Undergrad: 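Got a structure for you, questions after.
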There are 2 protein chains.
Amino acid sequence: MTSERKQFTKRDIFETMPPGKVKIIEALKSLLEIKEYDAITTAEIARTAGVSEPLIYKHFKDKRDLLYVVLRHYLDRHLARFELDLKGINGTLNKLRRLIWMHINVYASNRIIAKLLSLVVRGMPGFYTSETYDWIVTVYAKTVLNVIEEGIANGEIRNDIPPKFIRQVLLGSLEHICLREVIFDKDIDPDELTDNLCKLLFRGIENTNGPTGGQT
Amino acid sequence: MTSERKQFTKRDIFETMPPGKVKIIEALKSLLEIKEYDAITTAEIARTAGVSEPLIYKHFKDKRDLLYVVLRHYLDRHLARFELDLKGINGTLNKLRRLIWMHINVYASNRIIAKLLSLVVRGMPGFYTSETYDWIVTVYAKTVLNVIEEGIANGEIRNDIPPKFIRQVLLGSLEHICLREVIFDKDIDPDELTDNLCKLLFRGIENTNGPTGGQT
DNA sequence: AAAGACGGGTGAGTAATACTCACTCACCAA
DNA sequence: TTGGTGAGTGAGTATTACTCACCCGTCTTT
């Protein structure tokens, strides 16, 4: 009987929400499947949700604010697995490879997420002060950084480049190698991209002073 | 007397333009200095230019189309130098270093360009079918690719990764290492960033089978 | 020189759309 | 009973990108 203790998942979040709010979120989600954000009007969202337009503004600051919440819902299930999925893997570079593959795979299998992150919210000034942004940084970017720092500490990764810089290069590369296919809706091959990226980056970041105890 | 032959520069372009068009372009440019694109209205542009609003639509398809033209004007003087500036340098990696430094330096010294490229036009679907985009690809992206391919041919760069992939990683890294500072208007240090990026990437892309004659 | 095409330029207007105001209704606490 | 609170709405508004019909001067054509 004491088995479930904390397990706060998406389901709980939805259950404590007023039904109208849930309907609005789901409405925007379903509209994003068929057209891009800028082409979706608030009237359309309300109509699809079966609620009145002002209700959107009762629950969300803006149309954009609503988008940030929707983006978070989309990312939720993916990001939840990220940390766990790294647990079983030993070796920093193996963890990084796994991370890279997962990132690309999310973009490959969910174009809405890819488009929102690479093209839409990126240009919205308010995004960088939103809860969703904070959450992504905490859950994802920090995880990546931890892996890199761990690699530096155990001597697998060179220590003459700031870890945050390495992360920037990694994340920038990830986004850019998918960008063309995201924009033009072409297929993405996670395996091939992962291979090439690892080939290139790993040789750039690995510690050449010997595999272990490479502390200067 | 036969000294000047082709020399078509910005000045010529402007001179063959109707004065209203020039005024509109200059108006948007000066407005971009003080506020972001989305906050600028067409009425404001017309007022600043001292022309009527419909004239904008006589000369440009949209407000966005105008932005693309303005972006091209901004980039014009910078990109014109790119190819020339590489001429004197020998060694592919040295050329790449120079290229990297120049790219970062443009972002560091011209925040409007940086913001437009990284945040604004990136999310506009129409941009990727605009003349400006074609032009950037031709003048800049192709130059980068040529340098990389030259490096592969002469054995300085490894040949087991597609040159276009290397370019993607390079350009993605460049954009992403500046992104935070561009968004939050913080200073960018081109020298430091160039050093770190070259340290990381060069080891990743250089050919380890010997410096010359590395053709497989 | 008349006709007319053409390009730059404008005054007045319009459709669309994100967002607001004032309000109702149901529920719950004191 | 009263009053507060939060979900929800009908009607409205300000803003804004964009358009229509039109004017005028300058070339070209016959």
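In what follows, every chain begins at residue 1, and chains take the letters A, B, ... in the order their sequences are listed. Since this is a predicted model, take the numbers as computed values, not measurements.
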Undergrad: Just the rounded figure in Å: distance from P of dT17(C) to CD1 of I45(A).
TA: 12 Å
Undergrad: Out of dA22(C), dC21(C), dG9(C), which has the shortest distance to the side chain of H59(B)?
TA: dG9(C)
Undergrad: Write down the distance between OH (Y57(A)) and P (dA22(C)), rounded to a whole number of angstrom.
TA: 18 Å
Undergrad: Under 4.0 Å between a Lys/Arg side-chain N and an Asp/Glu carboxylate O for D62(B) and R64(B)?
TA: no
Undergrad: Please list all pairs meeting ring pair (Phe, Tyr, Trp, His ring centres under 6.0 Å) that have one or both residues in residues 115-140 of chain B, counting only residues at least two apart or in different chains.
TA: Y68(B)-F127(B), F82(B)-Y140(B), H103(B)-Y140(B), F127(B)-Y133(B), Y128(B)-Y133(B)
Undergrad: State, yes or no, whether a side-chain contact exists between D195(B) and R97(B) at a heavy-atom distance under 4.5 Å.
TA: yes
Undergrad: Whole angstroms only, please: what is the CZ-P distance between F60(B) and dG9(C)?
TA: 11 Å
Undergrad: Check the distance between dG9(C)'s C1' and M17(B)'s CE and give it to me in whole angstrom.
TA: 17 Å
Undergrad: Walking along DNA chain D from 5' to 3', note the first and the last nucleotide with an atom under 4.0 Å from a heavy atom of chain A, and give both.
TA: dA7(D) to dA11(D)
Undergrad: What parts of residues 31-42 of chain A reach DNA chain C, counting only heavy atoms under 4.0 Å away?
TA: I40(A), T41(A), T42(A)
Undergrad: Using a 4.0 Å heavy-atom cut-off across all strands, classify K63(B) as base, sugar-phosphate, or nothing.
TA: sugar-phosphate
Undergrad: Sorted by first residue and then second, give each side-chain hydrogen bond (donor to acceptor under 3.5 Å, both in side chains) pair with at least one member in residues 40-55 of chain A; sequence neighbours left out.
TA: K35(A)-E44(A), T42(A)-E53(A)
Undergrad: With a cut-off of 6.0 Å (strictly less than), are more than 12 heavy atoms of other residues, nucleotides or ligands near CD of E150(A)?
TA: yes
Undergrad: I want to confirm an ordering. Mapping K58(B) and D62(B) to their closest nucleotides on DNA chain D, which one lands closer to the 5' end?
TA: D62(B)
Undergrad: Is there a donor-acceptor pair under 3.5 Å between the side chain of K199(A) and the backbone N or O of D160(B)?
TA: yes
Undergrad: Quick one: side-chain hydrogen bond (donor to acceptor under 3.5 Å, both in side chains) pairs with a partner in residues 163-175 of chain A, sequence neighbours left out?
TA: Y107(A)-E175(A), R122(A)-E175(A), S173(A)-S173(B)
Undergrad: Could you say whether K21(B) or E53(B) is positioned toward the 5' end of DNA chain C, judged by the nucleotide with the nearest heavy atom to each?
TA: K21(B)
Undergrad: Once you round it to whole Å, what is the distance between C1' of dT10(C) and NZ of K23(B)?
TA: 13 Å
Undergrad: Could you check whether D85(A) pairs with K95(A) (Lys NZ or Arg NE/NH1/NH2 to Asp/Glu carboxylate O, under 4.0 Å)?
TA: no
Undergrad: Which pairs pass side-chain hydrogen bond (donor to acceptor under 3.5 Å, both in side chains) with one or both residues in residues 111-121 of chain B, sequence neighbours excluded?
TA: K115(B)-D185(B)
